[in-house]
Amino acid sequence: MRIITRDVPPRAAWALEQAGVHPLLARLYAARGIRSADELDDSLARLLPPEQLKGTAEAAACLADALTAGQRICVVADYDCDGATACAVALRGLKLLGARPDTLGYVVPDRAVHGYGLTPAIVELALAQRPDVLVTVDNGIASLEGVAHARARGLRVVVTDHHLPAQVQGQVVLPEADVIVNPNQPGCPFESKHLAGVGVMFYVLLALRAELRRRGAFDRAAQPRLDSLLDLVALGTVADVVKLDANNRRLVAQGLKRIRAGRMQPGVAALFAAAGRRPERAGAFDFGFALGPRINAAGRLADMTLGIECLLTDDPGRATELAQQLDGINRERRGVEAGMREQAEALLERLMPQGEPPPAIALYDPEFHEGVVGIVASRLKDRVHRPTFVFARGQDGLLKGSGRSIPGFHLRDALDLVSKRHPGVLRKFGGHAMAAGCTVAQADFVTFAQAFVTVASEWLDDTLLARTVATDGPLEPQWFAPEVVQILDQEVWGQAFEAPLFCDEVEVVSQRIVGERHLKLSVRHAGQLRDAIWFGRCDPLPERSRLAYRLSLDEFNGQPRVQMVVEAQG
């Protein structure tokens, strides 16, 4: 473990502090690339304009025509939280903009039955609703066959997605949809390439509202308030772990403000209650670790329709009922994951006879559950700091793999190289730098695993294979205060804009195991005794330890007190 300290440009920190930013926040923001207080303006007026996103004008015209003619629109969703929130945003937004409820519908693939994206089978499922227009959310950019099938059946197809396009023999190939809206399609000038699927759909609605306004459906003063959807946009954005660039941070900040003020969909409120979290203190952490997993659990073990219906209902009682069902499924998911993770770690040990893992990991067991391979891959990746794929057998007999990567190793590009070196081994693949999926025949698993390790051995050196934890350095004693923790908790932190992590050398005064697997500590820091805890750690620490930690508030006798939550030891 190597603990490093982020560089803090002194001029940037000074400029932020002079502009009125809290001194600690000024230091943290400067270390994350913020150079002026103007960049911290999270107002809706600072959002990138929809017209910069290629395809939004054409999508708006297509959807406006459909709304005006009373045509039926079917949303083709995805089975994760981003896809579920994008579907809810699409249907709620279209209804706000004048679509009759009886003209709106949706379909969502079953992970085990249909696989990912707009397939011909999903088109056939959608045809039962007699739609005129299909709108994909969080999928479709690589659905060449599905889009062609829909067009052949007489449907207009609007693809809204954020994933990378498909490649054939090294060339980008786009589906022949009527319209494509995707910041990652060739020729799109949109500055934020990291919009989640729900963010792309929200931008399409902004463009549709402008088009309807231009057609005289309403004026600016009377136009529908699409900002009422921002709680869903924020939830999907954080849950999909996309980079929180300036535009995404604004979307998330606006959603959090509405939730803290009590303005949210009944389903979001019910999910907060089911998770035991308080909306008035909502943070990005709640989206990523409380609400998001409960929605994702439906797509992993059951039917994502439950998650979408929870986000669509306006009946608080129904929302509570659905949120409780999702909570139960999530508890079941944790049980399945725990058992599968134990199996995976046993397989992993066989790959590490000397205790050192290979440059990359690929695991398969006939007992693995397809719905949680991604979670287990993520857990193993975190444990051994190696690109990791975990596979399970699908209903069609093929192995479905989900992968997670480490900084410096582009997972989708690695799959592309494997496919070139071993034609036919990868039946399907796609994804991003840090997360990807693929399908292989069981007979080809060993070939894939060996090829994947070979690519990793070529691309990764000792520096990249060493686990590095970036911290914000020592924390001055005056900032160990509940009000400071509350200030930090109000900010938007996440992927590529990491939450504050401090590092100090401390004296360990006492330590004990609580809850069977957590290390409870009392440490002396800057002459003061402080409470600390290291979740998931049982091994004792030496008397003098250099710890990387974040701050949290712990309630004791009704009084908030600051606690150090240890993340690493260096």
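A pairwise comparison of heavy atoms in Asp161 and Pro183 identifies O-CD, 3.7 Å as the closest pair. In terms of heavy atoms, Ala499 sits closest to Arg32 at O-NH2, 3.6 Å. Between Gly292 and Leu235, the closest heavy-atom pair is N-CD1, 4.1 Å. Smallest separation of non-hydrogen atoms from Ala19 and Ala37: CB-CB, 3.7 Å. Annotation for Val137 and Cys87: closest pair CG2-N, 3.9 Å, computed over non-hydrogen atoms. The two residues Ala282 and Ile259 make their nearest non-hydrogen contact at CB-CG2, 3.7 Å.
Between atom NE2 of residue His369 and atom CE of residue Met340 there is a gap of 9.0 Å, rounded to the nearest 0.5 Å. Note that OG1 of Thr468 and CD1 of Ile406 are 9.5 Å apart. Values are rounded to the nearest 0.5 Å. In this structure, OH in Tyr203 is found 5.0 Å from CG in Leu48, a value given to the nearest 0.5 Å. With rounding to the nearest 0.5 angstrom, the CG atom of Asn182 is 8.5 Å from the NZ atom of Lys193. The CZ atom of Arg300 sits 8.0 Å away from the CG atom of Asp80 when rounded to the nearest 0.5 Å. Considering CG of Asp489 and CG of Leu256, their distance stands at 11.0 Å, rounded to 0.5 Å.
Summarising the local packing, NZ of Lys243 is surrounded by 12 or fewer heavy atoms from other residues, nucleotides or ligands at distances under 6.0 Å. With a 6.0 Å radius and a threshold of 12 heavy atoms from other residues, nucleotides or ligands, Arg544 has its CZ atom above the threshold. The local environment of CD in Glu342 is sparse, with at most 12 non-hydrogen atoms from other residues, nucleotides or ligands closer than 6.0 Å. Heavy atoms of other residues, nucleotides or ligands lying less than 6.0 angstrom from CD of Gln18 number more than 12. More than 12 non-hydrogen atoms from other residues, nucleotides or ligands lie less than 6.0 angstrom from CZ of Arg35. More than 12 heavy-atom neighbours from other residues, nucleotides or ligands sit within 6.0 angstrom of CD on Glu483.
Judged by distance alone, with hydrogens and angles left aside, the side-chain atoms of Trp534 form no donor-acceptor pair with the main-chain N or O of Asp539 at under 3.5 Å.
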Which donor-acceptor pairs under 3.5 Å do side chains of residues 5-14 form with protein atoms, sequence neighbours excluded?
residue: Arg6; atom: NH1; partner: Asp472; partner atom: OD1; Å: 3.3
residue: Arg6; atom: NH1; partner: Asp472; partner atom: OD2; Å: 3.1

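Classified by interplanar angle (parallel below 30°, tilted 30° to 60°, perpendicular above 60°), the ring pair Phe502/Tyr549 is tilted. Taking the six-membered ring where the residue is Trp, Phe480 and His525 present tilted rings, their angle falling between 30° and 60°.
Side-chain atoms of Asn247 and Arg250 include no donor-acceptor pair closer than 3.5 Å. With 3.5 Å as the limit, one finds a donor-acceptor pair spanning the side chains of Asp231 and Gln265. Side chain to side chain, His162 and Asn184 fail the donor-acceptor criterion of an N or O pair below 3.5 Å. Side chains of Ser43 and Asp41: a donor on one and an acceptor on the other come within 3.5 Å.
The pair Arg111-Glu370 does not meet the salt-bridge criterion, since no charged nitrogen lies less than 4.0 angstrom from a carboxylate oxygen. Of the charged side-chain nitrogens involved, at least one lies within less than 4.0 Å of a carboxylate oxygen, so that Arg379 and Glu337 count as a salt-bridged pair. A salt bridge is defined here as a Lys NZ or Arg NE, NH1 or NH2 lying under 4.0 Å from an Asp or Glu carboxylate O, and Arg386 with Glu356 meets this definition.
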Walk me through it: do Asp42 and Arg46 pass the test salt bridge (Lys or Arg N to Asp or Glu O under 4.0 Å)? CA-CA 7 Å; Asp42 60 15; Arg46 292 297 306 277; over 6 Å; no
Before giving the answer on side chain to side chain contact (heavy atoms under 4.5 Å, CB included), spell out for Leu553 and Val562 the whole-Å C-alpha distance, their side-chain angles and the decisive distance to 0.1 Å. CA-CA 5 Å; Leu553 283 183; Val562 179; 4.3 Å; yes
For Phe497 and Val492, run side chain to side chain contact (heavy atoms under 4.5 Å, CB included): C-alpha distance rounded to whole Å, both residues' side-chain angles, the deciding distance at 0.1 Å, then the answer. CA-CA 8 Å; Phe497 203 81; Val492 175; over 6 Å; no
Step by step, work out the side chain to side chain contact (heavy atoms under 4.5 Å, CB included) result for Leu44 and Leu230. CA-CA 10 Å; Leu44 289 176; Leu230 283 167; 3.7 Å; yes
Passes side-chain hydrogen bond (donor to acceptor under 3.5 Å, both in side chains), Ser192 versus Asp245? Steps please. CA-CA 7 Å; Ser192 172; Asp245 58 18; 2.6 Å; yes
Assess the residue pair Glu349 and Arg383 against the criterion (salt bridge (Lys or Arg N to Asp or Glu O under 4.0 Å)); give the C-alpha distance rounded to whole Å, side-chain angles, the decisive distance to 0.1 Å, and a yes or no. CA-CA 12 Å; Glu349 293 301 325; Arg383 180 189 156 191; 2.6 Å; yes
For Glu321 and Arg318: C-alpha separation, side-chain torsions, deciding distance, then whether salt bridge (Lys or Arg N to Asp or Glu O under 4.0 Å) applies. CA-CA 5 Å; Glu321 177 186 335; Arg318 176 65 174 153; 3.0 Å; yes
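Applying the side chain to side chain contact (heavy atoms under 4.5 Å, CB included) test between Pro357 and each of Leu465, Val384, Thr388, Leu380 identifies Val384 as the sole match.
The distance between the ring centers of His432 and His194 does not fall below 6.0 angstrom.
When the salt bridge (charged side-chain N to carboxylate O under 4.0 Å, His left out) test is applied to Arg561, the partners found at least two apart in sequence or on another chain are Asp531, Asp554. Here Arg341 pairs with Glu345 under the salt bridge (charged side-chain N to carboxylate O under 4.0 Å, His left out) rule; sequence neighbours left out.
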